[in-house]
Amino acid sequence: MAKTNEELVQRLWERNLIKNERVKKAFLETDRANFTPEEYIEKAYVDSPLSIGHGQTISAPHMVAMMTESLKLKESSKVMEIGTGSGYQAAILSKITEEGSIHTIERVKELYKQAKERLENYNNIQLYRSDGSLGIAEEAPFDRIISTCGIPELPRSWENQLKADGFILAPVGGSHHQRLKRYRKEQGETVEKDLNVPCAFVPMRGEDGF
Ligand code: SAH
């Protein structure tokens, strides 16, 4: 079991889940313990999801690594994330897109507030408390859209808020059983690619509970 953040990152690197030097640096600069609730702190460097309360989880490091690699970010990328949760994924993305910005949406008030505090010193992250299925019209278009909650199908608003040469990465399927999919626009049509990664994200929920 990895005992430090550095060991965790080294293992992800050896397993070829982190491939890019910039992604590696972002993981090294983002200590997962800072995003782990106090009661699970001894598991911060274990490669598994952890509860963050409200029935939600901080994703497993290997999943964060795979999604981050799949995004193929540039330093200037403008990214929308749906499902801020602990803020861990957003923090990593922000380290890679130092000239760009991360716009991350959370619907659970408590998680939004906690993440806002944790990410206070990250100048290129903006947090929103709203329904992520609507996206963020006033900030569109985005180079990349990443969903860290499971969706049955792609919301139309995300397609509309994507740049012509951008893409969307999302776990698509039933609640807790999805496959990672990538959506690109080609000649005005949205083309789907199954990335062959089974996953189990908490489902995206609607307006109820606000
Ligand atoms: N990226 C997170 C993990 C996210 S878990 C991390 O790094 O820790 C999925 C998150 O999506 C949960 O926090 C959940 O509350 C949120 N969520 C669910 N439905 C949502 C919606 N409609 N809009 C915004 N966030 C939503």
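In listed order, ligands and their atoms are each counted from 1.
Listed by number with element, the atoms of ligand 1 under 4.0 angstrom from any heavy atom of Leu111 are 13 (O). Atom numbering of ligand 1 starts at 1 in the shown order; those under 4.0 Å from a heavy atom of Gln89 are 1 (N), 7 (O). The ligand atoms of ligand 1 that sit less than 4.0 angstrom from a heavy atom of Ser86 are 6 (C), 7 (O), 8 (O). Listed by atom number, the atoms of ligand 1 under 4.0 Å from Ser130 heavy atoms are 23 (N), 24 (C). Shown in contact with Val108 at under 4.0 Å from a heavy atom are these atoms of ligand 1, numbered in order with element: 15 (O). Residue Ile58 approaches ligand 1 through these ligand atoms, each under 4.0 Å from one of its heavy atoms: 8 (O). With ligand atoms numbered from 1 in the order given, ligand 1 contributes 5 (S), 9 (C) to contacts under 4.0 Å with heavy atoms of Val202. Every atom of ligand 1 is numbered from 1 in the order shown, and the set under 4.0 Å from a heavy atom of Thr57 is 3 (C), 4 (C), 5 (S).
Under a 4.0 angstrom heavy-atom cut-off, His54 registers as lying outside contact with ligand 1. Residue-ligand proximity: Thr84 is placed with a non-hydrogen atom under 4.0 Å from ligand 1.
A 4.5 Å side-chain heavy-atom check between Ile82 and Ile146 finds every atom pair outside the cut-off. Side-chain atoms of Phe201 and Ser59, non-hydrogen and from C-beta on, do get closer than 4.5 Å to each other. Side-chain contact between Arg118 and Ser86 is present, with heavy atoms from C-beta onward closer than 4.5 Å. In this structure, the side chains of Leu127 and Tyr112 come closer than 4.5 Å at one or more pairs of heavy atoms. When side chains are defined from C-beta on, His176 counts as touching Val202, because their heavy atoms get closer than 4.5 Å. Residues Pro141 and Gln161 have side chains not in contact (no heavy-atom distance under 4.5 Å, counting atoms from C-beta outward). Using a 4.5 Å cut-off on side-chain heavy atoms (C-beta onward), Val79 and Ile145 make no contact.
A salt bridge links Arg179 with Asp194; the closest basic N to acidic carboxylate O contact falls under 4.0 Å.
Within the 4.0 Å heavy-atom criterion, neither part of Ile52 lies near ligand 1. Contact annotation for Thr148 and ligand 1: heavy atoms of both the backbone and the side chain come within less than 4.0 Å of the ligand.
Compare Arg107, Arg205, Glu110 by their heavy atoms: the one nearest to atom 22 (N) of ligand 1 is in Arg205.
Of all heavy-atom pairs between Leu50 and Arg32, the closest is CD1-NH1, 3.8 Å.
Taking only nitrogen or oxygen atoms, main chain and side chain alike, Ser133 does not reach within less than 3.5 Å of ligand 1.
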